[in-house]
Amino acid sequence: MKILMVCLGNICRSPLAEGIMKAKAKKYNLDIEVDSAGTAAYHVGELPDPRSMEIAARYGIDISDQRARKFRAEDFDRFDKIYAMDGYNFSDIAALSRNGKDLEKLQMILDTTHPGQNKSVPDPYYGGKDGFNHVFKLLDDACEVIAKNISNHK
Ligand code: 4NP
């Protein structure tokens with residue numbers, strides 16, 4: 001199972017999702033690969049946002065080895081599941097899909113915890129630290145559901 005987490009810049013939300021999902025893989029002893037990417041290139045090569053690194057570290061998760069990269073159509077070949085953080089990410093990823101099989105891999109990450117609600121993980125970039133706390137909680141809950149589902153189907 002190979003999972004890709006995608007947001008806009010790949011510096012705030014998807015690096016957290018990647019770090020949290022990797023921590024869940026350890027917790028549940030899952031044999032999975034996790035990566036993240038952004039639909040925009042503004043921050044390619046950069047470290048995660050310091051606020052994301054700080055909140056992750058508070059929960060014992062080190063995401064400082066991550067570097068931002070841009071999502072590309074070949075990611076549909078490399079990954080089994082692609083989780084979009086918000087509706088803009090979803091549309092931008094969908095626009096790069098080449099067929100129905102690609103599109104089937106794509107899901108809003110909060111569909112896991114809020115099925116059918118088309119709920120987005122809010123972009124915390126221009127806000128304060130509270131936004132990052134909120135994002136962490138949303139993603140921790142979502143990754144817990146994803147991990148349990150994988151674990152139940154082992
Ligand atoms: P992310 O947050 O998509 O969660 O990484 C953002 C990062 C950078 C920008 C916007 C959102 N930006 O406009 O540079």
Side-chain angles (χ1 to χ4, degrees), residues 1-72 74-76 78-93 105-115 117-154:
M1 183 73 169
K2 294 181 182 160
I3 297 173
L4 184 66
M5 305 295 193
V6 184
C7 63
L8 177 66
N10 193 209
I11 55 168
C12 297
R13 290 166 292 177
S14 60
L16 272 179
E18 178 186 335
I20 293 167
M21 196 64 231
K22 284 176 171 167
K24 301 290 183 194
K26 260 194 195 147
K27 177 179 167 188
Y28 289 99
N29 197 25
L30 306 176
D31 182 22
I32 61 172
E33 265 182 47
V34 190
D35 191 14
S36 62
T39 57
Y42 321 128
H43 297 280
V44 166
E46 291 180 19
L47 282 162
D49 188 284
R51 296 164 294 180
S52 282
M53 291 201 281
E54 186 188 322
I55 183 85
R58 205 180 313 151
Y59 288 93
I61 299 171
D62 181 5
I63 59 169
S64 65
D65 61 328
Q66 296 186 35
R67 297 295 180 274
R69 74 166 180 92
K70 193 169 185 284
F71 179 85
R72 46 185 180 266
E74 300 79 65
D75 286 319
F76 285 113
R78 280 183 55 205
F79 295 93
D80 304 301
K81 193 76 209 177
I82 298 170
Y83 288 108
M85 300 296 125
D86 68 29
Y88 297 107
N89 312 145
F90 188 98
S91 303
D92 290 339
I93 299 163
K105 297 182 175 184
L106 179 59
Q107 193 182 357
M108 293 281 277
I109 193 165
L110 295 187
D111 264 5
T112 55
T113 46
H114 303 74
Q117 293 182 36
N118 207 31
K119 203 172 139 75
S120 289
V121 180
D123 182 349
Y125 187 63
Y126 293 105
K129 288 188 183 176
D130 281 357
F132 283 79
N133 284 326
H134 182 54
V135 164
F136 188 95
K137 288 201 177 72
L138 289 173
L139 291 176
D140 189 58
D141 288 347
C143 290
E144 183 74 20
V145 171
I146 295 166
K148 279 190 178 147
N149 281 339
I150 297 170
S151 186
N152 289 337
H153 291 99
K154 269 204 290 203

S.K.: Does OH belonging to Tyr28 count more than 12 external heavy atoms closer than 6.0 Å?
M.R.: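 Yes - once you tally the heavy atoms of other residues, nucleotides and ligands closer than 6.0 Å, there are more than 12.
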
S.K.: Please walk me through it: do Arg78 and Glu33 pass salt bridge (charged side-chain N to carboxylate O under 4.0 Å, His left out)?
M.R.: CA-CA 10 Å; Arg78 280 183 55 205; Glu33 265 182 47; 5.5 Å; no

S.K.: Under 3.5 Å, is there a donor-acceptor pair between the side chain of Arg13 and the main chain of Met5?
M.R.: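 Absent.
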
S.K.: Checking the side chain of Asp80 only, and the main-chain atoms of Lys2 only, is there a donor and an acceptor separated by less than 3.5 Å?
M.R.: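 A pair under 3.5 Å: yes.
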
S.K.: Does the pair Asp86 and Asn89 meet the rule for a side-chain hydrogen bond (donor to acceptor under 3.5 Å, both in side chains), with working shown?
M.R.: CA-CA 5 Å; Asp86 68 29; Asn89 312 145; 3.2 Å; yes

S.K.: Are Lys22 and Asp65 close enough, and set up right, to give a salt bridge (charged side-chain N to carboxylate O under 4.0 Å, His left out), and what steps lead you there?
M.R.: CA-CA 13 Å; Lys22 284 176 171 167; Asp65 61 328; 5.0 Å; no

S.K.: Surrounding CG of Asn149 (heavy atoms of other residues, nucleotides or ligands, distance under 6.0 Å), is the total greater than 12?
M.R.: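 Correct, the count exceeds 12.
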
S.K.: If I take atom CD from residue Gln66 and atom OG from residue Ser14, how far apart are they, to the nearest 0.5 angstrom?
M.R.: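 That separation rounds to 7.5 Å.
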
S.K.: Atom NZ in Lys24, atom CG in Leu139: separation rounded to 0.5 Å?
M.R.: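 It is 10.5 Å, given to the nearest 0.5 Å.
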
S.K.: Using only atom types and a distance under 3.5 Å, with no angle test, would you say the side chain of Ser52 pairs donor to acceptor with the backbone of Cys12?
M.R.: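 Checking the backbone N and O of Cys12 against the side chain of Ser52, a donor-acceptor pair under 3.5 Å is found.
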
S.K.: Using the rule given for side-chain contact (heavy atoms from CB on, under 4.5 Å), can you reason through Val6 versus Asp92, listing the C-alpha separation, both sets of side-chain angles and the distance that settles it, and then say yes or no?
M.R.: CA-CA 10 Å; Val6 184; Asp92 290 339; over 6 Å; no

S.K.: Using only atom types and a distance under 3.5 Å, with no angle test, would you say the side chain of Asp49 pairs donor to acceptor with the backbone of Ile11?
M.R.: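 Here the side-chain-to-backbone pair does not exist.
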
S.K.: Measuring from Asp140:CG to Met21:CE, what's the distance to the nearest 0.5 Å?
M.R.: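 Interatomic distance, Asp140 CG to Met21 CE, rounded to 0.5 Å: 10.5 Å.
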
S.K.: Quick test of your reading: applying ring pair (Phe, Tyr, Trp, His ring centres under 6.0 Å), list the pairs with at least one residue in residues 44-72, sequence neighbours left out, ordered by first then second residue.
M.R.: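 Residue pairs passing ring pair (Phe, Tyr, Trp, His ring centres under 6.0 Å), neighbours aside: Tyr59-Phe136, Phe71-Phe76.
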
S.K.: Verify, without hydrogens or angle tests, whether Thr112 (side chain) and Ile146 (backbone) share a donor-acceptor contact under 3.5 angstrom.
M.R.: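 Such a contact is absent between Thr112 side chain and Ile146 backbone.
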
